[in-house]
Amino acid sequence: MLLTVACCRFASSTASSTGPLRVCVIGSGPAGFYTAHQLVKRIDDVHVDILDKFPVPFGLVRFGVAPDHPEIKNCINQFTVLARKEQCRFIGNVGLGQDVGLAQLRPHYHAVVLAYGAEEDKELGIPGEDTPGVYSARSFVGWYNGLPEHRQLDPDLSGEVGVVIGHGNVALDVARMLLTPVSRLKTTDMCTHAIEALARSRVKQVRLVGRRGPLQVAFTIKELREMTKLPHCSTLIDPSYFHSIKSLLSELPRPRRRITELMLSVAENRGDKRPAGGKEWGLSFLRSPVEIVSSPTTGRLDSLRLEINKLQGTWDSAKVVPTGEFEDMECDLAIRSIGYKTVRVGRDVPCDPVTGIVPNVAGRVLDRNKSYIRGLYCSGWVKTGPVGVILTTMNKAYETAEVIQEDFRSGTLPEPERGDILEKLNNELGVDTVSFSDWENIDRHEVREGEKKGKPREKIVDLTQMMDIVHKSR
Amino acid sequence: MAKKLLLPLVRGSWGVARGPVDGLALSRTIAGTEFACRSCSTATIPSLTSTLYPSRHAVLQGTRHLSTTAARRASDNDGRVTVWFTDRDGDVQTVRAKLGDNLLEVAREYDIDLEGACDGTLSCSTCHLVVHPEWFPKISDPITEEEEDMLDLAYGLTDTSRLGCQVVVTEDLDGLKLTIPMATLDAREA
């Protein structure tokens with residue numbers, strides 16, 4: 001039985017007689033790039049414009065992935081190959097909603113893909129949330145990763161005890177940046193202003209507080225293992241949280257079982273070695289912050305009031321039930337890392353008010369009446385919600401590209417009525433757009449500056465400075 | 001839940017003809033185009049005439065039907081062995097994989113639809129491959145803790161899963177059969 005299936009997704013799809021299939025992807029992070037990558041692969045005659053509000057591409061790969069995880073950023077290599085292809089054009093410094101509206105973009109394309117992620121962070125909604133000394137993980141990460149709007153965060157790292165609220169990979173990243181020896185950070189692409197601040201930091205203990213138990217942690221095993229191996233730092237996990245869990249281990253799916261076993265072995269071995277250096281990090285379970293308490297004299301962060309929880313139901317659908325018992329956790333720094341949410345970018349962009357997700361089915365966007373909006377798609381976190389690593393986003397992007405291809409083949413895409421968007425952006429709307437080769441000039445500048453300091457790059461954190469470099473090298 | 005072998009959902013099967021010509025003909029089934037063995041050349045085996053169809057030549061090497069002289073290794077003349085990839089659409093692609101390359105590099109050489117987002121640095125699981133159970137024990141590269149950690153995140157994980165970037169092509173893997181798993185969530189997503 002020889003397999004000779006010819007008509008599969010590699011069969012070429014040719015464009016209409018009026019020219020190539022024109023697609024606009026809004027957002028140049030993994031969602032945008034992987035969608036564009038799949039479209040270029042599947043469709044012979046296609047042209048994809050990838051827009052981004054920043055002059056620099058790559059979204060969270062640049063602004064989110066931790067500086068000490070450079071391998072995760074390797075996907076940029078493939079994105080770069082794609083961006084340099086004829087069929088692909090990066091247009092930076094264009095913000096949807098700020099510089100151009102969706103209704104202005106759509107007539108220029110057969111299809112528009114929303115892939116702009118989730119910019120805001122979720123808040124706890126508790127008293128004292130804006131107390132000095134409390135920060136969102138999004139802004140803290142943005143601060144050390146060069147997100148222009150957070151470059152002046154200047155977090156107060158003068159106290160010894162930090163608390164991170166959340167049990168995800170971002171929470172681990174934050175804790176790791178606070179506790180990693182600065183000598184290691186100096187050779188990463190972390191912004192110099194952050195390296196210098198961390199060099200002066202007095203933070204020695206970081207506790208990750210989460211409202212659920214060990215079986216509900218959202219971080220992944222590689223990142224957890226990394227934390228347990230931090231130099232001059234001990235890991236504190238209370239083994240008593242695992243008593244009722246031990247018997248469940250063999251029933252758990254493999255990934256959950258392995259990470260639980262790791263936590264358990266660390267919890268049980270904690271007495272064995274206490275490395276010198278005095279730093280420590282740990283996990284606190286079943287605690288929800290209900291109030292952020294400030295010092296009556298300084299007005300600064302003093303402690304967190306935590307309510308103790310219990311869980312009901314099975315481990316994979318555990319419901320959090322407050323017990324009415326409380327405890328106080330003193331701390332000098334609190335970083336909230338409980339997830340992101342999508343921003344509404346304009347009246348004409350559908351957005352669920354509760355979840356922030358753009359309503360869709362498999363990436364085809366729905367209007368208020370739940371009917372498909374022809375030619376409008378979404379990919380990445382705006383499609384699924386702000387959860388998942390690059391792999392997840394990549395898979396979801398494939399799905400979106402597949403439905404676009406289907407719709408293209410079945411002739412349901414609207415024909416563009418207008419020409420090249422660049423003309424409209426530059427001439428009519430006066431937007432100072434940035435091309436991929438402009439970005440490459442910024443890139444070269446950053447790498448050169450980084451080389452002087454023994455770093456892979458020194459990120460430019462000022463938008464005006466970025467645009468200066470763009471103008472000078474034209 | 002006890003560990004189960006989750007066979008990947010593919011439209012094809014392992015039942016591709018194993019006959020000397022059909023089974024090892026180096027042909028791509030994409031859109032019906034065929035191409036002959038890239039790395040074989042009749043010049044390398046002086047005893048075969050240039051009128052021989054290249055794929056048959058490769059077959060002769062691959063199936064070790066050269067009986068007159070002492071037994072030759074599958075890779076003797078071109079430093080390559082045969083590897084079969086079944087992709088997500090059920091199409092089978094047979095390629096001559098270079099000894100010493102890892103499977104991600106092989107996939108890239110032949111433009112097989114296998115992602116390697118982190119470029120083989122054990123920082124993602126996008127090069128996840130399901131190895132045919134018969135071949136799994138023949139892979140000499142042991143699964144390290146780091147690879148297990150990344151496999152934890154892979155979709156459609158099976159008991160014979162490996163990350164392509166961690167498996168190096170050796171002589172023993174001549175005839176290796178791999179499936180690229182479907183990129184959808186499965187029940188194990190914790």
Side-chain angles (χ1 to χ4, degrees), chain A residues 1-12 30 33-34 37-38 41-42 61 65 69-79 215-218 220-226 250-260 262 315-316 388-399 402, chain B residues 1-3 10-17 19 22-23 25 27-34 86-93 111 113 115-128 145-155 157 159 161 182-190:
Chain A
M1 179 172 87
L2 197 67
L3 292 165
T4 49
V5 178
C7 183
C8 62
R9 61 193 171 94
F10 290 107
S12 63
F33 262 104
Y34 277 123
H37 171 58
Q38 278 299 303
K41 205 166 182 170
R42 290 158 183 263
V61 183
V65 175
H69 288 167
E71 320 78 22
I72 298 179
K73 301 188 203 197
N74 282 346
C75 54
I76 285 179
N77 299 334
Q78 290 166 51
F79 296 169
L215 291 179
Q216 291 78 33
V217 297
T220 45
I221 193 168
K222 178 177 162 129
E223 283 73 18
L224 175 64
R225 213 184 281 285
E226 193 179 9
S250 55
E251 293 164 33
L252 297 172
R254 173 193 144 134
R256 183 55 62 186
R257 178 181 47 80
R258 289 184 79 242
I259 197 174
T260 309
L262 177 58
W315 73 269
D316 51 351
V389 296
I390 294 177
L391 165 72
T392 331
T393 297
M394 189 185 86
N395 288 329
K396 291 295 175 183
Y398 281 19
E399 184 185 57
E402 216 163 51
Chain B
M1 189 190 343
K3 274 207 249 190
V10 292
R11 289 198 281 279
S13 72
W14 295 114
V16 180
D22 287 352
S27 60
R28 280 178 112 156
T29 54
I30 296 153
T33 33
E34 274 194 291
T86 300
D87 71 18
R88 290 189 189 97
D89 293 313
D91 294 332
V92 178
Q93 294 167 223
D111 204 26
D113 197 24
E115 280 295 342
C118 75
D119 283 347
T121 54
L122 272 182
S123 303
C124 74
S125 55
T126 58
C127 67
H128 171 214
E145 189 175 71
E146 287 81 6
E147 187 181 343
E148 299 270 35
D149 284 354
M150 295 323 298
L151 280 170
D152 276 2
L153 301 184
Y155 291 99
L157 186 67
D159 288 342
S161 285
M182 298 288 237
T184 49
L185 283 171
D186 76 334
R188 292 182 195 215
E189 189 75 0

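Naming convention: chains lettered A, B, ... in sequence-line order (proteins, then strands); numbering from 1 in each chain.
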Next item on the list: Could you tell me which portion of A:Gln78 (side chain, backbone, both or neither) has an atom closer than 4.5 angstrom to a non-hydrogen atom of chain B?
Entry: side chain

Next item on the list: Supply the atom-to-atom distance B:Asp149 CG to A:Leu224 CG, rounded to the nearest 0.5 angstrom.
Entry: 9.0 Å

Margin query: If I take atom CD from residue B:Glu115 and atom OH from residue A:Tyr398, how far apart are they, to the nearest 0.5 angstrom?
Written below: 3.5 Å

Item checked: Shortest non-hydrogen contact from A:Leu391 toward B:Leu153 -> CD2-O, 3.4 Å

Notebook entry, point to check: Taking only residues two or more places apart in sequence or in another chain, which ones pass ring pair (Phe, Tyr, Trp, His ring centres under 6.0 Å) with A:Phe33?
Noted result: A:Phe58, A:Phe79

Notebook entry, point to check: Given the options A:Lys73, A:Glu71, A:Gln216, which has more heavy-atom pairs under 4.5 Å with chain B than any of the others?
Noted result: A:Glu71

Next item on the list: Quick one: pull up CG in B:Leu151 and CD1 in A:Ile221 and give me the separation to the nearest 0.5 Å.
Entry: 11.5 Å

Notebook entry, point to check: Testing A:Arg225, A:Arg258, A:Lys222 for salt bridge (Lys or Arg N to Asp or Glu O under 4.0 Å) with B:Glu145, which one passes?
Noted result: A:Arg225

Check: Quick one: what part of B:Glu148 sits under 4.5 Å from any heavy atom of chain A, side chain, backbone, both or neither?
Finding: both

Notebook entry, point to check: Which bit of A:Asp316 is near chain B, if near means a heavy-atom gap under 4.5 Å: side chain, backbone, both or neither?
Noted result: neither

Check: Which answer fits A:His69, side chain, backbone, both or neither, if we ask what part of it has an atom under 4.5 Å from a heavy atom of chain B?
Finding: neither

Item checked: Interatomic spacing from CD1 in A:Ile390 to OG in B:Ser125 - rounded to 0.5 Å -> 11.0 Å

Next item on the list: Any chance you could measure B:Asp111, atom CG, to A:Lys41, atom NZ, to the nearest 0.5 Å?
Entry: 6.0 Å

Next item on the list: Could you walk me through whether B:Thr121 and A:Asn74 pass side-chain contact (heavy atoms from CB on, under 4.5 Å), step by step?
Entry: CA-CA 9 Å; B:Thr121 54; A:Asn74 282 346; 3.7 Å; yes

Check: At what distance, to the nearest 0.5 angstrom, does CE of B:Met150 lie from OG1 of A:Thr220?
Finding: 7.0 Å

